There are 2 protein chains.
Amino acid sequence: MSRWEPRARERLVRAAAELFDEHGYDSTTVVQIAQRAGLTKSTFFRHFPDKREVLFAGQDVLCELLASGIDAAPDEATPLTAVAAGLEAAAGNFTPELRAIGPVLRAVVENNSDLREREALKHHSFADAMALALRRRGIAEPAAGLAAWLGVLAFTDAYACWVDPSCDQELTALLRLKLGELRAAISSLD
Amino acid sequence: MSRWEPRARERLVRAAAELFDEHGYDSTTVVQIAQRAGLTKSTFFRHFPDKREVLFAGQDVLCELLASGIDAAPDEATPLTAVAAGLEAAAGNFTPELRAIGPVLRAVVENNSDLREREALKHHSFADAMALALRRRGIAEPAAGLAAWLGVLAFTDAYACWVDPSCDQELTALLRLKLGELRAAISSLD
DNA sequence: ATAGGCGATGGGACTTGGTCCCATCACTGT
DNA sequence: ACAGTGATGGGACCAAGTCCCATCGCCTAT
């Protein structure tokens with residue numbers, strides 16, 4: 001039995017990803033996920049607060065990385081420069097393995113409204129974390145919130161490119177590129 | 001019996017708002033909501049896709065208003081001017097009655113993570129609708145998406161002020177004000 | 001080595017959100 | 001009076017999520 005083998009959490013994530021890919025998110029049961037991981041429903045909910053979260057596991061770390069990256073930016077950094085520092089810090093969390101399963105994850109999330117909803121909440125969390133860090137630097141609203149959402153837009157754009165197999169650039173380069181494009185687009189708004 | 005009385009949907013919304021205010025969202029059951037409205041669980045789910053939606057009923061109309069407002073903006077309008085037109089069009093959907101129960105709704109939503117999640121999804125919907133309408137005007141990405149999120153930020157800011165009893169300004173005025181503040185903040189970003 | 005202490009797990013009862021299907025009721029036009 | 005239509009009631013059913021307790025394996029102190 002695999003009951004007492006280590007890395008239970010990781011086994012649950014892998015089992016969930018496999019089953020979601022095979023039968024879809026809706027047609028997969030938490031009990032099935034736990035069974036494939038050699039565990040039970042009880043243990044699943046001890047590791048994840050709900051079924052959706054198994055696909056977004058570890059994204060709370062991103063908030064901390066974003067904030068610490070902004071905190072660590074030099075004092076003379078402009079808001080957007082600080083945001084760029086936060087994004088760069090967060091980029092370290094994205095492994096090549098994550099890049100490999102990226103297309104599968106995207107397909108699963110895009111085909112389920114519950115998962116898109118959770119994704120939207122995560123984006124808000126990113127924005128909130130960055131805005132808070134920016135305010136710690138003395139940047140007032142609404143500039144802090146605006147810069148933070150610019151960061152989220154750059155991040156989502158860059159991530160979408162990064163997981164696309166036809167794009168082999170590094171994530172940090174993509175982040176800088178997308179943030180630059182957004183910065184350039186600002187002047188065309190009005 | 002009230003079984004065949006009209007406005008079943010409205011009765012369900014009122015019953016839900018009352019019960020959420022009295023006992024909280026989590027401690028209120030769909031069966032209880034239906035009972036207070038003189039209906040049953042079956043009928044509740046015939047009017048709303050899920051329990052959360054009873055608090056966001058009619059927000060899909062906002063997407064259409066935002067889009068049609070942007071579509072109706074003059075050809076020479078800049079992206080932000082078009083967004084302003086969309087926001088102004090959407091403002092017509094906010095009645096004084098909605099303003100009165102605003103603080104209650106805010107408290108209920110802020111105290112429940114499921115509801116904040118749904119709210120985040122609604123904001124994404126607003127942004128998507130506005131970005132799509134802006135692209136119809138020939139505005140390319142990422143400018144369209146950026147302008148759309150500026151609109152969402154202005155909208156949420158303005159709405160928060162509007163429902164605050166200590167602020168008696170009109171929503172359209174607040175929208176113009178917040179959008180102006182955001183526009184001014186842009187130059188301070190970098 | 002033995003006895004406990006501790007954290008992780010299994011397992012089952014339970015509540016609730018949500019789906020499905022069918023019978024029933026009221027209204028409408030013929 | 002009659003049939004058709006749309007909204008409702010009601011019950012069976014499934015899966016998500018909560019709660020509680022027994023159990024298991026490991027670790028440590030004596």
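Since the model is a prediction, treat every value here as computed from it, not as a measurement. Each chain gets a letter, A, B and so on, in the order its sequence line appears, and its residues count up from 1.
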Participant: To the nearest angstrom, how far is B:Glu53 atom CD from C:dG17 atom C1'?
Facilitator: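 In whole Å, C:dG17 C1' lies 14 Å from B:Glu53 CD.
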
Participant: What is the ring orientation for B:Trp149 with B:His124, classed by angle as parallel under 30°, tilted 30 to 60°, or perpendicular over 60°?
Facilitator: perpendicular

Participant: Could you state the atom-to-atom distance from CZ of A:Arg118 to C1' of D:dG17 in whole Å?
Facilitator: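 Atom-to-atom, A:Arg118 to D:dG17, this comes out as 13 Å.
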
Participant: Considering only side-chain heavy atoms of A:Leu39, which listed nucleotide, D:dT8, C:dG10, D:dA16, is closest?
Facilitator: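 Per side-chain heavy atoms of A:Leu39, the pick is C:dG10.
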
Participant: Please determine, for the side chain of B:Asp50, which listed nucleotide (C:dG18, C:dT16, D:dG11) has the closest atom?
Facilitator: C:dG18

Participant: With no angle test and no hydrogens, is the base of D:dG10 tied to the side chain of B:Thr40 by a donor-acceptor pair under 3.5 Å?
Facilitator: no

Participant: Is B:Glu22 paired with B:Arg36 through a side-chain N to carboxylate O contact shorter than 4.0 Å?
Facilitator: yes

Participant: Please report the distance, rounded to the nearest Å, between CZ in A:Phe44 and C1' in C:dG10.
Facilitator: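 Value for this atom pair: 16 Å.
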
Participant: Which comes earlier along DNA chain C counting from the 5' end, the contact point of A:His47 or that of A:Lys41, where each point is its nearest nucleotide?
Facilitator: A:His47

Participant: Between B:Arg9 and D:dT8, is there a side-chain N or O to OP1/OP2 distance below 4.0 Å?
Facilitator: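 The answer is no; no side-chain N or O of B:Arg9 sits under 4.0 Å from OP1 or OP2.
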
Participant: In this structure, how many angstroms lie between the C1' atom of D:dG9 and the CG atom of B:Leu12, rounded?
Facilitator: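 These atoms are roughly 14 Å apart.
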
Participant: Counting only side-chain heavy atoms from C-beta out, which of C:dG18, D:dG10, D:dG17 sits nearest to B:Phe45?
Facilitator: C:dG18

Participant: Rounded to the Å, how far apart are A:Arg46 CZ and D:dC20 C1'?
Facilitator: 11 Å

Participant: Would A:Arg9 and A:Glu53 pass as an ion pair if we require N to O under 4.0 Å?
Facilitator: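 So A:Arg9 does not pair with A:Glu53 through a salt bridge.
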
Participant: Output yes when at least one side-chain N/O atom of B:Arg52 is less than 4.0 Å from OP1 or OP2 of C:dG18, else no.
Facilitator: yes

Participant: Can you check the B:Phe48 CZ to C:dG17 C1' distance for me, whole Å?
Facilitator: 15 Å

Participant: Looking across every strand, which nucleic acid part, if any, lies under 4.0 Å from B:Thr43 by heavy atom: base, sugar-phosphate, or nothing?
Facilitator: sugar-phosphate

Participant: Quickly work out the A:Lys51 NZ to C:dG17 P distance and round it to whole Å.
Facilitator: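 That distance rounds to 18 Å.
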
Participant: Specify the separation, in whole Å, of atom CZ of A:Arg7 and atom P of C:dA8.
Facilitator: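 That distance rounds to 16 Å.
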
Participant: Categorize B:Thr28 for me: base, sugar-phosphate, or nothing, with a 4.0 angstrom heavy-atom threshold over every strand shown.
Facilitator: sugar-phosphate

Participant: Identify the residue among A:Ile101, A:Leu105, A:Val104 that makes a side chain to side chain contact (heavy atoms under 4.5 Å, CB included) with A:Asp21.
Facilitator: A:Val104

Participant: Of the options C:dG18, D:dG11, D:dA16, whose atoms approach the side-chain atoms of A:Thr29 most closely?
Facilitator: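 Within the option list, the nearest is D:dA16.
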
Participant: Would you please indicate if the ring centroids of B:Phe94 and B:Phe155 are separated by under 6.0 Å?
Facilitator: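 Ring centroids of B:Phe94 and B:Phe155 are less than 6.0 Å from each other.
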
